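Okay, structure first, notes after.
Since we're looking at a predicted model, the values are computed, not measured. Note: hydrogens, waters and symmetry copies are ignored here, and every other heavy atom, side chains too, is used.
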Amino acid sequence: LVLDTGTIDAREAALAHAIYDTAVRRWLTLSHVLSLYLDRPLSGTEPAMRAALLGGAAQILLLDRIPPHAAINETVEWAKRNVRRGAGGMVNAVLRKVAALRMSRDDGVGRRDSWNDDRDALPLPDGGAVVLGAAILPEAVLERYSVALSLPIALMQRWDERYRGEDESGALLRHQAMHTLMSPPVVLCTRYATGPAPSGAEPHAEPGSMVFTGTHGELQQLLRSRDDLWVQDSAAQRAVASLADLQPCTIIDYCAGQGTKTRQLRAQFPKAEIIAAEVDDARLRKLKQGFKADPRTRVRRANEVAADRELHGSADLVLLDVPCSNSGVFARRTEARYRFATQQLPRLLDLQREILSTAFPLLAPGGTLLYSTCSVEPEENEHQVAWAAERLGLTEVSSERVTPGGVLSLVLVRLGVIGIAACLAGLALGAAG
């Protein structure tokens, strides 16, 4: 959920977002620490009490500029008002123990330049670590990573099995896991810009992107004044940008979502007619609003597009930005890490194959299918490429894998004689002529 801060002072709203985001991003970490001082697991407490404890502990352990006594006092008063009068005593007792754990080091600062799998420290997004007064993290390595980085243990076990095969030292596992802590910047797509470089933006390592450093209000003003700029991660841009050699006349963006890649398709292929399709009602309304003044883009419901016989065999390019586990973008899609479970993956794989099968008839002979995900799981990418080649007759054109780096991750594969491509762990294929 998006945090609604109403009309409160901008600085207080920013603090509220910091507390909220930290509590969600480090939910498992905070739960582990709090459970040390509770007579039951944190998940067993009532929701309002859980909110108070998580918010208070997030400030004490992970937000350095908030005095512990202030965090405790404010949280106690909140609990009295929003849980029940007697809740303040419990909140006060637990958070004081958390504060003692955080501040028990003699230097009073309790910070290290780096986290080296220590049991008495919590890693921070900048690579440093908060020092604790006791070795409270689990002894087993994967359990320690799970708690310290707030990643489900099943996910850690899965990544360990995968990355140990590529690197026995565990460096790849550590890199992927630590990457999820990062606070990603606001990235502007500037590769199609016709106007001057925007103020309040700095160069990005990836060509065609800039990092916006201004305020939220300044960003909104910029986007309202420029239709040649939009917010889009550099990795996500690479899927469509990789098809610069194509000259499609008809494009179907079958999983258009919020329409970000639809905008990129318009800019990349200015002469093409585009159909933006979506299944979700709320996103469909936003798409219609966003492209209502664009004569080259039609917005339609996805199932209607799939059932329209006149569209079968008509698309030179079909883009499938399919639903996925989001395991390549946990840094940005924070809550997705808690949804990841072994039983979720088969459902997603079935859905991705259903979308591939449904969209396949829309391809014109010799057309290209661009398949995109935000996942780093091989099952959602390379394995789906192999499935599409075997079951649908698609042929791989090219492929590229980019593992999580500075901010996000990308895997890109391109396939041809019927085409597919995937971004952030993906592929491209081409259709038989």
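Applying the salt bridge (charged side-chain N to carboxylate O under 4.0 Å, His left out) test to every pair with at least one member in residues 345-371, sequence neighbours left out, gives no pairs at all. Sorted by first and then second residue, the side-chain hydrogen bond (donor to acceptor under 3.5 Å, both in side chains) pairs involving residues 8-17 (not counting sequence neighbours) form an empty list. Residue pairs meeting the salt bridge (charged side-chain N to carboxylate O under 4.0 Å, His left out) criterion with at least one partner in residues 178-193, sequence neighbours excluded, do not occur; the list is empty.
In this structure, the side chain of His312 engages the main chain of Ala306 through a donor-acceptor pair within 3.5 Å. Remark: the backbone N or O of Leu222 is paired with a side-chain donor or acceptor of Ser225 at under 3.5 angstrom. Between the Arg339 side chain and the Ser325 main chain, no donor and acceptor come within less than 3.5 Å of each other. At least one donor-acceptor pair closer than 3.5 Å links the side chain of Arg26 to the backbone N or O of Ala148. No side-chain donor-acceptor contact under 3.5 Å links Tyr145 to the backbone of Leu173. Asp316 places a side-chain N or O within donor-acceptor distance of the main-chain N or O of Cys249, the cut-off being under 3.5 Å. In terms of modelled atom types and a separation under 3.5 Å, the side chain of Ser372 and the main chain of Leu320 share no donor-acceptor contact. With Ser146 contributing its side chain and Leu142 its backbone, the two residues share no donor-acceptor pair below 3.5 Å. Looking only at distances, no side-chain donor or acceptor of Glu380 sits under 3.5 Å from a matching main-chain atom of Val376. Without hydrogens or angle criteria, Arg144 side chain to Asp117 main chain gives a donor-acceptor distance under 3.5 Å.
In this structure, CD in Glu202 is found 4.5 Å from OG1 in Thr213, a value given to the nearest 0.5 Å. The CD1 atom of Ile274 sits 5.0 Å away from atom CG of Leu265, with the distance rounded to the nearest 0.5 Å. Between atom CD of residue Gln221 and atom CG of residue Leu219 there is a gap of 10.5 Å, rounded to the nearest 0.5 Å. For the atom pair CG of Asp228 and CG of Leu223, the computed distance is 10.5 Å after rounding to the nearest 0.5 Å. Distance check: Leu319 CG to Asp253 CG gives 4.5 Å after rounding to the nearest 0.5 Å. The line from CZ of Arg102 to CD1 of Ile60 is 10.0 Å long, rounded to the nearest 0.5 Å.
Here the side chains of Trp387 and Gln352 are not in contact, with every heavy-atom distance at 4.5 Å or above. With contacts defined as side-chain heavy-atom distances shorter than 4.5 Å, the pair Thr368/Val397 does not qualify. Side-chain atoms of Leu124 and Leu62, non-hydrogen and from C-beta on, do get closer than 4.5 Å to each other. Side-chain contact between Lys261 and Leu370: absent, with no pair of heavy atoms (C-beta onward) separated by less than 4.5 Å. Counting heavy atoms from C-beta on, the side chains of Thr5 and Tyr20 never come closer than 4.5 Å. Side-chain contact check for Phe330 versus His179: every heavy-atom pair is 4.5 Å or farther apart. Between Thr334 and Ser150 there is no side-chain heavy-atom pair separated by less than 4.5 Å. Between Leu61 and Val98 the shortest side-chain heavy-atom distance falls below 4.5 Å.
Summarising the local packing, CZ of Arg298 is surrounded by 12 or fewer heavy atoms from other residues, nucleotides or ligands at distances under 6.0 Å. By the 6.0 Å contact criterion, CH2 on Trp159 is enclosed, its count of non-hydrogen atoms from other residues, nucleotides or ligands being greater than 12.
Judged by distance alone, the side chains of Glu377 and Ser327 do bring a donor and an acceptor atom under 3.5 Å apart. Looking at Gln264 and Gln237, their side chains never bring a donor and an acceptor atom within 3.5 Å of each other.
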**Request:** Decide side chain to side chain contact (heavy atoms under 4.5 Å, CB included) for Leu15 and Ile66; before the verdict, give the C-alpha distance in whole Å, the side-chain angles of both, and the deciding distance to 0.1 Å.
**Result:** CA-CA 10 Å; Leu15 175 58; Ile66 299 177; 3.6 Å; yes
**Message:** Test side chain to side chain contact (heavy atoms under 4.5 Å, CB included) on Ile251 and Thr262; report intermediate values, then the result.
**Reply:** CA-CA 10 Å; Ile251 300 172; Thr262 309; over 6 Å; no
**Request:** Step by step, work out the side chain to side chain contact (heavy atoms under 4.5 Å, CB included) result for Arg266 and Asp227.
**Result:** CA-CA 11 Å; Arg266 287 174 61 231; Asp227 61 3; over 6 Å; no
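Taking the side chain to side chain contact (heavy atoms under 4.5 Å, CB included) definition, one finds that Glu304 meets it with Arg300, Arg301, sequence neighbours left out. Shown here are the side chain to side chain contact (heavy atoms under 4.5 Å, CB included) partners of Ser35, two or more places apart in sequence or in another chain: Leu42. Judged as a side chain to side chain contact (heavy atoms under 4.5 Å, CB included), and not counting sequence neighbours, the contacts of Asp118 are Arg112, Trp115, Asn116, Asp120, Ala121. Residues meeting the salt bridge (Lys or Arg N to Asp or Glu O under 4.0 Å) test with Asp126, sequence neighbours left out: Arg111. For Glu143, there are no salt bridge (Lys or Arg N to Asp or Glu O under 4.0 Å) partners at least two apart in sequence or on another chain. The side chain to side chain contact (heavy atoms under 4.5 Å, CB included) check on His216 picks up Gln220, with sequence neighbours excluded. Judged as a ring pair (Phe, Tyr, Trp, His ring centres under 6.0 Å), and not counting sequence neighbours, Tyr254 has no contacts. The salt bridge (Lys or Arg N to Asp or Glu O under 4.0 Å) search around Glu218 returns none, not counting sequence neighbours.
The residue from Thr190, Val211, Leu188 that alone fulfils the side chain to side chain contact (heavy atoms under 4.5 Å, CB included) condition with His204 is Val211. For the salt bridge (charged side-chain N to carboxylate O under 4.0 Å, His left out) test with Glu335, the passing option among Arg332, Arg333, Arg337 is Arg333; the others fail.
Ser31 and Leu54 get closest at one heavy-atom pair: OG-CD2, 4.2 Å. Here the shortest heavy-atom pairing between Leu149 and Met178 reads CD2-SD, 3.6 Å. Residues Pro152 and Leu28 share a closest heavy-atom pair of N-CD1, 3.8 Å. The nearest pair of heavy atoms linking Leu284 to Glu278 is CD1-O, 3.7 Å. Nearest approach of Leu30 to Ala23, heavy atoms of both residues: CD1-CA, 3.8 Å. For Ala331 against Pro184, the heavy-atom pair with the smallest separation is O-CD, 3.3 Å.
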Less than 3.5 Å apart, which donor and acceptor atoms pair up between the side chains of residues 69-78 and the rest of the protein, not counting sequence neighbours?
residue : atom : partner : partner atom : Å
Asn73   : ND2  : His69   : O            : 3.2
Thr75   : OG1  : Ala71   : O            : 2.6
Glu77   : OE2  : Lys80   : NZ           : 3.4

